[in-house]
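Working notes, structure below.
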Amino acid sequence: MTTASEPPTVAIVGGGLAGLAAALEAAERGLRVALFEQSKTLGGRASSLFDAETGEWIDSGPHVALGCCAGLLDFCRRIGAGDAFEPHRRLHFIAPNGSRYDFAPWQWLPPPLHLLPGVMGLRFLSLGQRWAIVRGAMRLGRKPIEGKAEAGSAEDAQTIGQWLRRHGQSDRAIELFWSPVFVSALGETVDHASLPAARQVLVEGFLGSRRASDLLVPRRLLKEVFHVAASRRLAELGVTIHLAARVERVIGDCGRGHAIILPDGTAKQFDFVILAVPWQRVRSLLADDLWNACPALQGVERIEPGTISTVHLWFDRPITSLPHAVLLGRLGQWLFAREGHLQVVVSAAHRLIACDPEELQSRVGEELRTIWPAAREARLLHARVLKHPAAVFSMQPGVERLRPAQAMPIGSLFLAGDWTATGWPSTMEGAVRSGRLAVDALLRQVYSSRSA
Ligand SMILES: Cc1cc2nc3c(=O)[nH]c(=O)nc-3n(C[C@H](O)[C@H](O)[C@H](O)COP(=O)(O)OP(=O)(O)OC[C@H]3O[C@@H](n4cnc5c(N)ncnc54)[C@H](O)[C@@H]3O)c2cc1C
């Protein structure tokens with residue numbers, strides 16, 4: 001505990017992007033910060049792992065962002081990794097018959113018209129379907145008549161799939177245009193993703209500005225950014241980083257700080273705690289009195305996870321010159337290629353497949369061989385399937401009601417995590433924003449108690 005003249009102490013539990021963003025913000029704003037992370041590296045879900053067979057590090061999944069992810073870009077710049085993501089303006093769509101269609105926003109047209117030529121160039125859809133998409137996008141992009149869709153409103157209860165069908169979108173346009181747009185961003189199929197969440201993705205990620213839809217692809221391994229660069233910068237700012245330090249329990253009385261309990265029973269006292277762990281872990285970490293004092297937490301256990309599977313294939317040669325591609329009408333939705341190493345992503349895999357890793361690998365491999373002749377001739381050196389059952393939370397209708405704000409009624413306890421109320425889906429951007437929001441709320445608490 002600190003005296004009134006000393007800066008307050010903050011324990012941050014969880015070193016994913018939410019915890020890292022909170023630590024950066026808190027340390028830059030003069031708080032004394034200790035970060036506790038149960039694994040040996042920082043980054044949480046956005047991390048890298050070693051593949052013993054190839055002797056290469058690979059990422060937990062290809063983590064891409066969009067040009068509109070201002071919070072993430074700002075965070076990277078502040079940890080000295082401003083070049084972590086490479087912007088790509090042009091997307092490459094591979095139609096079901098294997099033909100390629102490039103999609104790029106026009107620089108000379110104001111938003112949202114800058115997307116018009118790109119959509120009209122998607123000739124695997126009929127002219128009527130393309131015009132219907134343009135009309136649908138304009139309509140969806142408009143704010144709902146009653147203003148922002150409130151949690152619990154009629155809008156919040158609908159899926160984007162229902163809305164699209166009611167607004168003249170054909171099955172083919174949904175399968176080959178709308179699904180690819182939404183499934184990766186929301187971690188859900190259009191028949192399970194909420195309408196307001198889909199609108200947010202469309203408005204912020206596509207319609208809002210010319211660079212909003214740029215695809216940001218990591219230039220290097222996630223661990224280089226979210227472990228190496230982040231720990232270096234946080235250490236410079238005086239943050240104490242405890243790795244391999246699982247917090248067992250958070251205890252404490254209302255308004256007078258908290259103790260965090262480590263597995264060996266050690267108790268460490270702090271003025272404030274920011275809990276930046278995944279939503280499934282919150283209940284077990286909080287002592288019963290803290291849990292019961294936070295009604296907003298009662299819904300979090302009903303937040304459902306979403307699966308992302310990534311199929312890694314190492315061929316003895318490159319099979320495409322494209323760095324990435326959207327695969328339409330297939331099980332694999334996105335391809336990322338670096339030389340002969342291909343990564344194929346299946347988002348919302350919990351809805352789409354129940355097959356074992358071998359079957360997934362063989363289906364994805366078959367799809368690639370159908371598209372690229374080089375994949376038929378190349379020798380497969382190694383394959384690995386990474387299945388992450390709780391990669392994201394599912395943006396289903398009604399989920400907004402279950403997402404708590406970062407400030408809790410107990411003035412010294414705060415939350416961060418992509419699953420808290422950020423207005424964003426389960427993404428790096430959402431995580432970073434939540435960390436910042438948590439520190440904003442914490443500082444409001446500090447100033448209000450000092451002025452009282
Ligand atoms: C395969 C995959 C692909 C993805 N693709 C994308 C993408 O393309 N774009 C995108 O924006 N997002 C993507 N995501 C989602 C993104 O990774 C997450 O939204 C984001 O990283 C969540 O950050 P977080 O800090 O909220 O949670 P986490 O990263 O889960 O961090 C929580 C941390 O808390 C730690 N922790 C838990 N319990 C304790 C404890 N008791 N004591 C101490 N520490 C504890 C955990 O070890 C973890 O490090 C993907 C995720 C996965 C898994």
Side-chain angles (χ1 to χ4, degrees), residues 11-23 34-49 58-66 68-69 71-73 75 85 183-187 201 205 215-218 222 225-227 230 241-250 260-263 273-286 305-312 324 333-334 336 343 345-349 385-393 395 403 406 415-420 422 424-435 437-438:
I12 296 174
V13 183
L17 263 69
L20 292 174
L35 178 64
F36 295 85
E37 165 54 49
Q38 67 180 6
S39 27
K40 290 184 194 146
T41 54
L42 299 171
R45 278 172 269 164
S47 56
S48 312
L49 54 119
I58 55 176
D59 286 336
S60 55
H63 273 65
V64 294
L66 292 176
C68 61
C69 293
L72 175 68
L73 293 174
F75 171 77
F85 290 91
V183 77
S184 323
L186 298 174
V201 168
L215 182 72
L216 305 182
V217 181
L222 295 171
V225 181
F226 301 126
H227 176 69
I241 301 172
H242 303 268
L243 294 177
R246 183 160 54 87
V247 171
E248 286 286 311
R249 207 92 170 130
V250 178
I260 60 166
I261 311 293
L262 299 176
V273 169
I274 298 177
L275 213 49
V277 298
W279 72 97
Q280 311 94 322
R281 309 296 288 274
V282 175
R283 176 66 190 99
S284 62
L285 272 167
L286 287 182
T307 306
I308 298 180
S309 292
T310 311
V311 180
H312 289 260
H324 48 76
Q333 299 141 353
W334 274 92
F336 295 90
Q343 300 179 63
V345 184
V346 185
S347 292
V385 176
L386 298 179
K387 183 176 174 187
H388 205 305
V392 290
F393 63 86
M395 286 301 292
R403 299 174 75 184
Q406 290 74 27
L415 303 173
D418 59 354
W419 53 277
T420 59
T422 63
W424 279 72
S426 184
T427 51
M428 295 180 284
E429 175 70 12
V432 166
R433 283 181 184 238
S434 76
L437 287 168

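Keep in mind that what you see is a predicted model, and the values were worked out from it rather than measured. Indexing begins at 1, ligand by ligand and atom by atom, following the structure's order. The residues of the chain are indexed from 1 along the displayed sequence.
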**OP:** Using a 4.0 Å heavy-atom cut-off, say whether C69 meets ligand 1 through its side chain, its backbone, both or neither.
**Re:** neither

Original post:
Who gets closest to atom 32 (C) of ligand 1 by heavy atom: A416, S39, A276?
Top reply: A276

**OP:** Any chance you could measure L35, atom CG, to L20, atom CG, to the nearest 0.5 Å?
**Re:** 6.0 Å

Subject >> Residue and atom name of the nearest protein heavy atom (relative to atom 6 (C) of ligand 1), distance in Å to one decimal >> reply: H63 CD2, 3.6 Å

Original post:
Short list, please: which atoms of ligand 1 are under 4.0 Å from a heavy atom of V247?
Top reply: 40 (C), 41 (N), 42 (N), 43 (C)

**OP:** Note the single closest protein heavy atom to atom 23 (O) of ligand 1, along with its residue, its atom name and the distance in Å.
**Re:** A431 CB, 3.4 Å

**OP:** To the nearest 0.5 Å, tell me how far L186 CG sits from W424 CH2.
**Re:** 11.0 Å

Subject >> atom 25 (O) of ligand 1 [closest protein heavy-atom partner, distance rounded to 0.1 Å] >> reply: A18 N, 2.9 Å

Original post:
What are the atoms of ligand 1, with element, lying closer than 4.0 Å to any heavy atom of A245?
Top reply: 43 (C)

Original post:
Are any side-chain N or O atoms of E429 and backbone N or O atoms of L72, one a donor and one an acceptor, separated by less than 3.5 Å?
Top reply: yes

Subject >> Closest approach of any protein heavy atom to atom 26 (O) of ligand 1, naming residue and atom >> reply: D418 N, 2.9 Å

Subject >> atom 34 (O) of ligand 1 [closest protein heavy-atom partner, distance rounded to 0.1 Å] >> reply: G14 CA, 3.3 Å

Subject >> Per-atom contacts of ligand 1 with G417, taking only distances under 4.0 Å to non-hydrogen atoms >> reply: 26 (O)

**OP:** Please say whether R246 places an N or O atom under 3.5 Å from an N or O atom belonging to ligand 1.
**Re:** no

Subject >> Short side-chain donor-acceptor distance under 3.5 Å, T420 and Q406 >> reply: yes

Subject >> Atom indices of ligand 1 within 4.0 angstrom of S426 heavy atoms, with elements >> reply: 15 (C), 19 (O)

Original post:
Counting both backbone and side chain atoms, is some N or O of V392 under 3.5 Å from an N or O of ligand 1?
Top reply: no

**OP:** Taking the side chain as every heavy atom from C-beta outward, state whether S39 and L243 have any pair of such atoms under 4.5 Å apart.
**Re:** no

**OP:** Identify, by atom number and element, the atoms of ligand 1 in contact range of G16, meaning under 4.0 Å from any of its heavy atoms.
**Re:** 25 (O), 29 (O), 31 (O), 33 (C), 49 (O)

Original post:
Which ligand 1 atoms are under 4.0 Å away from a heavy-atom of F36?
Top reply: 43 (C), 44 (N)

Original post:
Would you say A390 contacts ligand 1, with heavy atoms under 4.0 Å as the rule?
Top reply: no

Original post:
Nearest protein heavy atom to atom 35 (C) of ligand 1, by residue and atom, and its distance?
Top reply: E37 OE1, 3.2 Å

**OP:** Starting from atom 44 (N) of ligand 1, locate the nearest protein heavy atom and write down its residue, its atom name and how far away it is, to 0.1 Å.
**Re:** Q38 N, 3.2 Å

**OP:** Measure the shortest side-chain to side-chain distance between F393 and R403 over non-hydrogen atoms and say whether it is less than 4.5 angstrom.
**Re:** yes

Subject >> Donor-acceptor pair, side chain of H227 and main chain of L42, under 3.5 angstrom >> reply: yes

Original post:
Going through the distances and angles, do L286 and L275 end up as a side chain to side chain contact (heavy atoms under 4.5 Å, CB included)?
Top reply: CA-CA 9 Å; L286 287 182; L275 213 49; 3.8 Å; yes

Subject >> For ligand 1, the portion of S184 having any non-hydrogen atom under 4.0 Å away >> reply: neither

Original post:
Within the side chain of W279, is there an N or O that forms a donor-acceptor pair under 3.5 Å with the backbone of D418?
Top reply: no

**OP:** Could you tell me whether E429 and ligand 1 have an N or O pair separated by under 3.5 Å?
**Re:** no

Original post:
So is there a nitrogen or oxygen of H388 less than 3.5 Å from a nitrogen or oxygen in ligand 1?
Top reply: no

**OP:** Could you walk me through whether V346 and I308 pass side chain to side chain contact (heavy atoms under 4.5 Å, CB included), step by step?
**Re:** CA-CA 6 Å; V346 185; I308 298 180; over 6 Å; no

Subject >> Minimum-distance protein heavy atom relative to atom 52 (C) of ligand 1 >> reply: A391 CB, 3.6 Å

Original post:
Is the shortest distance from a heavy atom of P62 to ligand 1 less than 4.0 Å?
Top reply: yes

Original post:
Out of curiosity, E248 CD to L262 CG, how far, rounded to the nearest 0.5 Å?
Top reply: 8.5 Å

**OP:** Please indicate whether any nitrogen or oxygen in R45 is less than 3.5 Å from any nitrogen or oxygen in ligand 1.
**Re:** yes

**OP:** Begin with the C-alpha distance, continue with both residues' side-chain angles, and end with the deciding distance and a verdict on side chain to side chain contact (heavy atoms under 4.5 Å, CB included) for V277 and V247.
**Re:** CA-CA 10 Å; V277 298; V247 171; over 6 Å; no

Subject >> Region of I308 that comes within reach of ligand 1 [heavy atoms, distance under 4.0 Å] >> reply: side chain

**OP:** For S426 and V392, indicate whether the former's side chain and the latter's backbone hold a donor-acceptor pair under 3.5 Å.
**Re:** no

**OP:** Check ligand 1 against V13 and write out every atom of the ligand that is under 4.0 Å from a heavy-atom position of the residue.
**Re:** 42 (N), 43 (C)

**OP:** Kindly say whether G61 contributes a backbone atom to a donor-acceptor pair with the side chain of H63 at under 3.5 angstrom?
**Re:** yes

Subject >> N/O donor-acceptor pair under 3.5 Å between S347 side chain and S184 backbone >> reply: no

**OP:** Would you check whether S60 has a nitrogen or oxygen atom less than 3.5 angstrom from a nitrogen or oxygen atom of ligand 1?
**Re:** no

**OP:** Begin from the C-alpha positions of T310 and H388 and carry the test side chain to side chain contact (heavy atoms under 4.5 Å, CB included) through to its verdict.
**Re:** CA-CA 8 Å; T310 311; H388 205 305; over 6 Å; no

Subject >> Nitrogen or oxygen of V64 less than 3.5 angstrom from that of ligand 1 >> reply: yes

Original post:
Are E37 and I241 close enough that some pair of their side-chain heavy atoms sits under 4.5 Å apart?
Top reply: no

Original post:
Is any N or O atom of M428, backbone or side chain, closer than 3.5 Å to an N or O atom of ligand 1?
Top reply: yes

Original post:
Taking R433 for the side chain and A18 for the main chain, is one N or O donor matched with an acceptor at less than 3.5 Å?
Top reply: no

**OP:** List every atom of ligand 1 that sits less than 4.0 Å from any heavy atom of P278, numbering the atoms from 1 in the order shown and giving each element.
**Re:** 30 (O), 32 (C), 34 (O), 37 (C)

**OP:** Mind checking whether R281 contacts ligand 1 via backbone (N, CA, C, O), side chain (CB onward), both or neither, at a 4.0 Å heavy-atom cut-off?
**Re:** side chain

Original post:
Can you find an N/O atom of A65 closer than 3.5 Å to an N/O atom of ligand 1?
Top reply: no

Subject >> L17 N/O under 3.5 Å from ligand 1 N/O >> reply: yes

Subject >> Check: V64 and F336 side chains under 4.5 Å, non-hydrogen atoms >> reply: yes

